[in-house]
Amino acid sequence: MTNTTTLTRLTHSTDRALDNDLGVVLAAHGSARSCGSGAPVYEHARRLRRRPLFDDVRVAFWQEEPSFSEILGSTTSTQTFVVPFFVSEGYFTRTVLPRELTARSDLDDDSVTITEPVGTAPAVTDLLRSRATDAVASDRCRSEIGLAVVAHGAENDSRSALAAKEHVDRLQRRAPSLEATAVYLEEPPYVSEALDELDRHVVVAVPLFVGKGGHVTSDVPQLLGLDSDDRVDDETVAVLGGETNGQLVRYTDPIGTHSALTDVAVRRVLEAATGVGQS
Amino acid sequence: MTATTELTVPAEARRALRTAIDEDSIQHGGVSICSSEDGVRVTRSGSSNEYPNVEMLAQQHAALVTDWFHWERIVGGHETAGRTLLRWLERTDELSLGERYDELRAGYRRTWGQLSVSVRCDRTGRRAYELRHESDAERAADELRPIDPVELTEIARSDANGEYRPLRGAPTLQRGWRLAADADAIVRAIDDVYPASVANWDRARTDELEPIHFSEMAKRQTGHLEALTEATPDSVSEAVREHCQDCLKRRCWGFEEAGDLDPGPTGDDRLVCPEACAVVQSAVRSADGHDHDHSH
């Protein structure tokens, strides 16, 4: 046995260690194959754990541990807010998440609240815009940006594509000089059409995804004509870059890695707690 | 000299006790403490002792007071699995208070999957917990990298080669670190390495854990996992052979009932698996020809 010297305490607002008043669960897709899928969600959880906001901060996933179906059985907070780390309202937030959360726990309606997903928050529009401008090095290029918001889309669920369209509509209202379009993996307009859709010298593609799974790290770059060797190292947030038919292409990490998404999650909890901003 | 005779009760514990007995009598470890006309009365097995004040009581019953302070003012969480875990760690059900404090000064250690969890207390009865890999249990503290509790999920998600560990029960937990923690952080830390394990263990030991067998889990699925309803006991057995054999968790679920899959359940008594995880679900789908890596 060795001496334990430093005691490290996570932030906690109640007097007793295991009496939790306010809990939050960040609920995301995750992957049984890719570490990168859940990684940004863990990063948001780490950020929240360092702040004196919640007594208990958890993550839960559809495709990795801990699962949606076991998370509520292991939380003890008086009030728990489940924040979907999904980019759209749809199949996962309306069907899978509520069903799985209650599969093994009796959901006490008074103690658990599922908030709106982070990805549809109007604030995310600004995060997309800042990602795009932070992806190009020079001011001159910034005025030339066309932004492709890359989303999954789903032919059987129009709500999946709607979130990206709403961000694009909002971008056009808020920043008319920025040309923006939404492109999709599974419905038209497809990712491969992004460069044709945007009549700009510089095209920045920002994935409206939470995790860095296979779609983001492999499928989308390929469809944009980029490969993993096309790394850029110019102190911008762009991870890949190239040039196609005179157009400069920059590809960034998914919006799920944006640090401000942690604040969007807190905002979703506040909205759910107060009834403000509920659709 | 035993651990209990060298204990001193910190002022905050004495203050808390005074406040508590001003409100109501206290029951702790088979002892009752209440205020009396002459001061404070301690009653154990029908015999009582009177003390003029809490300070005098604390001098005579230092272990009792510091233990009460620890469980009722530091830990709390009555009826939670976390509290049960911390009490199990100290073996509160097996040892008398005196025996327990003697052991606590030396330090206890118990294993949880590949984790070694330890607790010790100082001269004021304050507990300090520590977590490390069980294979590092005997190593000197300065040979191990001290980590912050928020680092632990990163350690838990990949092995020593940086490979992803989707199966948290896999016997590939990284070594070389140690986490010093208080009561709050230690329970979370164990759950960070083995998600939901504390709650599942607590339910299993009180027979409240209801496994969800594969066919039942498959029936509630929609979308691309709906294909799981086509799985057969053979295809599920194959996935179990491929993945669960390496997992330290004890599988409680079967195809339609417990024990109907070959191989049978193996694994740790503490880590229990009540339902097929995403790794097994994915393997069953692949085996049945639905190989689509829907990797967001």
Side-chain angles (χ1 to χ4, degrees), chain A residues 1-10 12 14-20 28-39 42 45-46 49-50 56-67 69-71 73-76 91 95-96 99-100 103-104 152 209-211 213-216 218, chain B residues 72-77 80-83 86 106-107 109 118 120 128-130 139-141 146 148-150 153-154 157-158 163-168 178-185 187-188 191 195-196 198-200 203 210 212 217 220 222-223 274-275 277-279 281-282 293-296:
Chain A
M1 277 289 173
T2 54
N3 277 317
T4 50
T5 47
T6 50
L7 284 179
T8 313
R9 190 163 169 77
L10 299 170
H12 192 271
T14 57
D15 287 335
R16 296 169 181 81
L18 301 184
D19 288 346
N20 294 321
H29 192 288
S31 165
R33 303 184 189 193
S34 154
C35 189
S37 179
Y42 275 98
R46 277 192 278 277
R49 281 181 170 191
R50 290 193 178 103
D56 192 22
V57 178
R58 309 279 183 121
V59 294
F61 297 97
W62 171 225
Q63 289 296 299
E64 62 183 84
E65 295 181 61
S67 67
S69 67
E70 65 191 349
I71 195 64
S74 67
T75 55
T76 57
Y91 174 63
T95 304
V96 174
R99 180 193 73 212
E100 291 296 306
R104 276 175 37 207
H152 192 283
F209 282 75
V210 168
H215 287 325
V216 164
S218 157
Chain B
E72 303 311 324
R73 290 295 178 270
I74 304 276
V75 174
T80 65
R83 183 181 172 95
L86 294 181
R109 186 197 299 148
S118 69
R120 58 193 303 130
Y129 300 89
E130 199 210 39
R139 289 177 71 183
D148 184 278
V150 295
T153 48
E154 266 183 285
R157 292 187 82 229
S158 55
E163 295 291 324
Y164 181 37
R165 292 177 75 235
L167 208 56
R168 289 294 188 84
R178 66 182 182 92
L179 172 71
D182 61 8
D184 178 29
V187 175
R188 296 180 200 207
D191 239 35
V198 177
N200 284 335
R203 285 196 190 96
E210 287 183 20
I212 296 194
M217 178 277 298
R220 71 167 196 260
T222 50
E275 187 177 11
C277 67
V279 171
Q281 291 175 13
S282 168
D293 179 11
H294 207 79
S295 157
H296 285 248

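In what follows, chains carry the letters A, B, and so on, assigned in the order in which the sequence lines appear, proteins first and then strands, with residues in each chain numbered from 1.
To the nearest 0.5 Å, the span separating CZ on B/Arg83 from OG1 on A/Thr76 amounts to 12.5 Å. For the atom pair CD (A/Glu100) and CE (B/Met217), the distance works out to 9.0 Å, reported to the nearest 0.5 Å. Taking CD from B/Glu154 and CZ from A/Arg46, the interatomic distance works out to 4.0 Å, rounded to the nearest 0.5 Å. To the nearest 0.5 Å, atom OG1 of residue B/Thr80 and atom CZ of residue A/Arg16 are 12.5 Å apart. Interatomic distance, CG of B/Asp184 versus CG of A/Asn20, reported as 7.0 Å (0.5 Å rounding). The line from CG of B/Asp191 to OG1 of A/Thr75 is 10.0 Å long, rounded to the nearest 0.5 Å.
Most heavy-atom pairs under 4.5 Å with chain A: of the set B/Arg157, B/Arg168, B/Gln281, this distinction falls to B/Arg157. Chosen from B/Thr222, B/Val198, B/Val279, the residue pairing most often with chain A at heavy-atom distances under 4.5 Å is B/Thr222. Taking chain B as the reference chain and counting heavy-atom pairs below 4.5 Å, the highest number among A/Ser67, A/Ala32, A/Ser69 is found for A/Ala32.
Nearest heavy-atom pair across A/Trp62 and B/Ala278 is O-CB, 4.5 Å. Residues B/Arg188 and A/Val57 come closest through the heavy atom pair NH1-N, 4.5 Å. For the residue pair B/Pro166 and A/Glu65, the shortest heavy atom distance occurs at O-OE2, 3.6 Å.
Both the backbone and the side chain of B/Ala196 have a heavy atom closer than 4.5 Å to some heavy atom of chain A. In this structure, chain B has no heavy atom under 4.5 Å from any part of A/Ala45. With a 4.5 angstrom heavy-atom cutoff, B/Ile212 touches chain A only via side-chain atoms. At a 4.5 Å heavy-atom cutoff, A/Ala28 makes no contact with chain B through either its backbone or its side chain. Interface residue A/Tyr91: only side-chain heavy atoms are found under 4.5 Å from chain B. Looking at B/Arg165, neither its backbone nor its side chain comes within 4.5 Å of chain A, counting heavy atoms on both sides.
Although no hydrogens or angles enter the test, the distance criterion places no donor-acceptor pair under 3.5 Å between the side chain of A/Arg33 and the main chain of B/Ser282.
Between B/Glu210 and A/Arg104 there is no salt bridge, since no side-chain N of the basic residue sits under 4.0 Å from a carboxylate O of the acidic one.
Looking at heavy atoms from C-beta onward, B/Leu86 lies in side-chain contact with A/Leu18 at the 4.5 angstrom threshold.
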